[in-house]
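Numbered from 1 within each chain, the chains take letters A, B, ... in sequence-line order.
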Amino acid sequence: MSIEHYQQQLLECVGAVDITIQSVATAAHAYTEILKAGEISKPEYQELMLDIQRKANIDSSITDLATKEKLNVAINGLISIIGMV
Amino acid sequence: MKKLILLLVSSMLSSCALIEAYQMKPFDPNEYQLITEIRVDARQYKTECVDAIQSKTNAYILMRKSELFMSYSEHIPYNNNVTKASIELNSMAKGIAEQYQKNDKVSPVFCKIKFETIEHSAETIQKVIGDKPR
């Protein structure tokens, strides 16, 4: 398989409805183009590709936390309402 | 009425999520300050990427700061999400420091993208830490 083959697959993902998939594919495609242009080395490219995964993990943890914060507000709100009833 | 609300809430949520959400630690100004510093530093450092010697120092400073953030968050109870995010952020910062350790000729483009990614991720974390209940 060639770089072009995988890039084609990335380009198909750039049009995805899911914003996370779209941003991952866009970043991976951009980094591949920068590598091909000789602006970064192969180890640097590998490091940037690892960052895509790390960023996705951060986004996932943070989304989960944001949901818990909403739950916290809702639970405490309900507890105070029950206290008043 | 009370029973109805409790039944409604408990049926909607898994017990784990319910406990974690209820036990969530309130806003921690130290945690917020650390992540803000990482964000602001990364924003500044990305503008200094043409200077390789300065950038090497910057990469080490940011790595140490992200280690501090990770270690600070690590033992705060019911703080798993921030801890997980801080571990990933530290890996990002380690990644750039390691490139400078291996090779003095790190590409300015790589340097800029790395600090930019760290800046954006720090901002994502900062927003949620800032939203923690007071």
Side-chain angles (χ1 to χ4, degrees), chain A residues 7 10 18-85, chain B residues 1-6 8-9 12-13 17-27 78-96 98-99 102-103 105-114 116-118 120-122 124-133:
Chain A
Q7 272 200 296
L10 285 175
D18 187 317
I19 294 170
T20 307
I21 294 173
Q22 210 179 76
S23 65
V24 164
T26 304
H29 179 67
Y31 297 159
T32 308
E33 285 299 311
I34 294 168
L35 173 76
K36 282 162 73 179
E39 291 183 63
I40 54 171
S41 67
K42 282 180 186 174
E44 289 170 352
Y45 173 75
Q46 285 168 341
E47 178 58 31
L48 293 180
M49 294 301 267
L50 285 175
D51 273 358
I52 293 177
Q53 184 58 53
R54 291 171 185 143
K55 194 179 178 305
N57 291 343
I58 289 175
D59 290 347
S60 160
S61 292
I62 291 310
T63 305
D64 193 29
L65 180 60
T67 308
K68 284 177 191 163
E69 283 171 358
K70 283 180 191 162
L71 279 176
N72 179 279
V73 171
I75 291 165
N76 283 309
L78 286 167
I79 287 169
S80 66
I81 287 172
I82 288 170
M84 285 187 287
V85 174
Chain B
M1 179 67 177
K2 288 178 191 177
K3 281 181 184 173
L4 183 69
I5 293 173
L6 279 173
L8 190 70
V9 171
M12 283 163 62
L13 309 165
L18 192 68
I19 290 165
E20 279 186 40
Y22 183 61
Q23 299 281 10
M24 179 179 285
K25 290 292 161 199
F27 175 76
Y78 303 101
N79 201 35
N80 288 343
N81 296 103
V82 174
T83 303
K84 280 182 195 166
S86 72
I87 290 169
E88 296 293 347
L89 193 69
N90 182 239
S91 298
M92 283 181 175
K94 260 187 187 170
I96 187 166
E98 279 168 5
Q99 290 297 321
K102 284 184 216 161
N103 177 11
K105 289 181 181 173
V106 170
S107 138
V109 174
F110 168 78
C111 167
K112 197 178 171 197
I113 294 171
K114 276 297 268 187
E116 213 160 57
T117 309
I118 293 169
H120 287 153
S121 293
T124 306
I125 299 169
Q126 186 197 19
K127 274 182 193 165
V128 176
I129 291 178
D131 272 346
K132 278 189 175 183

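Evaluation of the side-chain hydrogen bond (donor to acceptor under 3.5 Å, both in side chains) rule for B:K132 yields B:E31, B:N79 as partners, not counting sequence neighbours. A:N57 pairs by the side chain to side chain contact (heavy atoms under 4.5 Å, CB included) definition with A:Q53, B:E88, not counting sequence neighbours.
Most heavy-atom pairs under 4.5 Å with chain A, from the set B:K114, B:H120, B:K84: that is B:K114. Top candidate by heavy-atom pairs under 4.5 Å with chain B, chosen from A:V73, A:I40, A:T63, A:I62, is A:I62.
Note that the OG atom of A:S61 and the CD1 atom of B:I87 stand 9.0 Å from one another [nearest 0.5 Å]. Between B:D131 atom CG and A:K68 atom NZ the span is 15.0 Å, to the nearest 0.5 Å. To the nearest 0.5 angstrom, B:I118 atom CD1 is 12.5 Å from A:K55 atom NZ.
Only the side chain of B:T117 comes within less than 4.5 Å of a heavy atom of chain A; its backbone N, CA, C and O stay farther away. With a 4.5 angstrom heavy-atom cutoff, B:K105 touches chain A only via backbone atoms.
Enclosure of atom NZ in A:K70 is not indicated, since only 12 or fewer non-hydrogen atoms of other residues, nucleotides or ligands lie within 6.0 angstrom.
Contacts with chain B (heavy atom to heavy atom, under 4.5 Å) involve these residues of residues 43-52 of chain A, listed by number: A:P43, A:E44, A:E47, A:L48, A:D51.
With B:I125 as the fixed residue, the side-chain contact (heavy atoms from CB on, under 4.5 Å) test singles out one of A:I58, A:D59, A:L65: A:I58.
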query: Is there a side-chain contact (heavy atoms from CB on, under 4.5 Å) between B:F110 and A:I34 once you walk through the steps?
result: CA-CA 9 Å; B:F110 168 78; A:I34 294 168; over 6 Å; no

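Residue pairs meeting the salt bridge (Lys or Arg N to Asp or Glu O under 4.0 Å) criterion with at least one partner in residues 72-83 of chain A, sequence neighbours excluded, do not occur; the list is empty.
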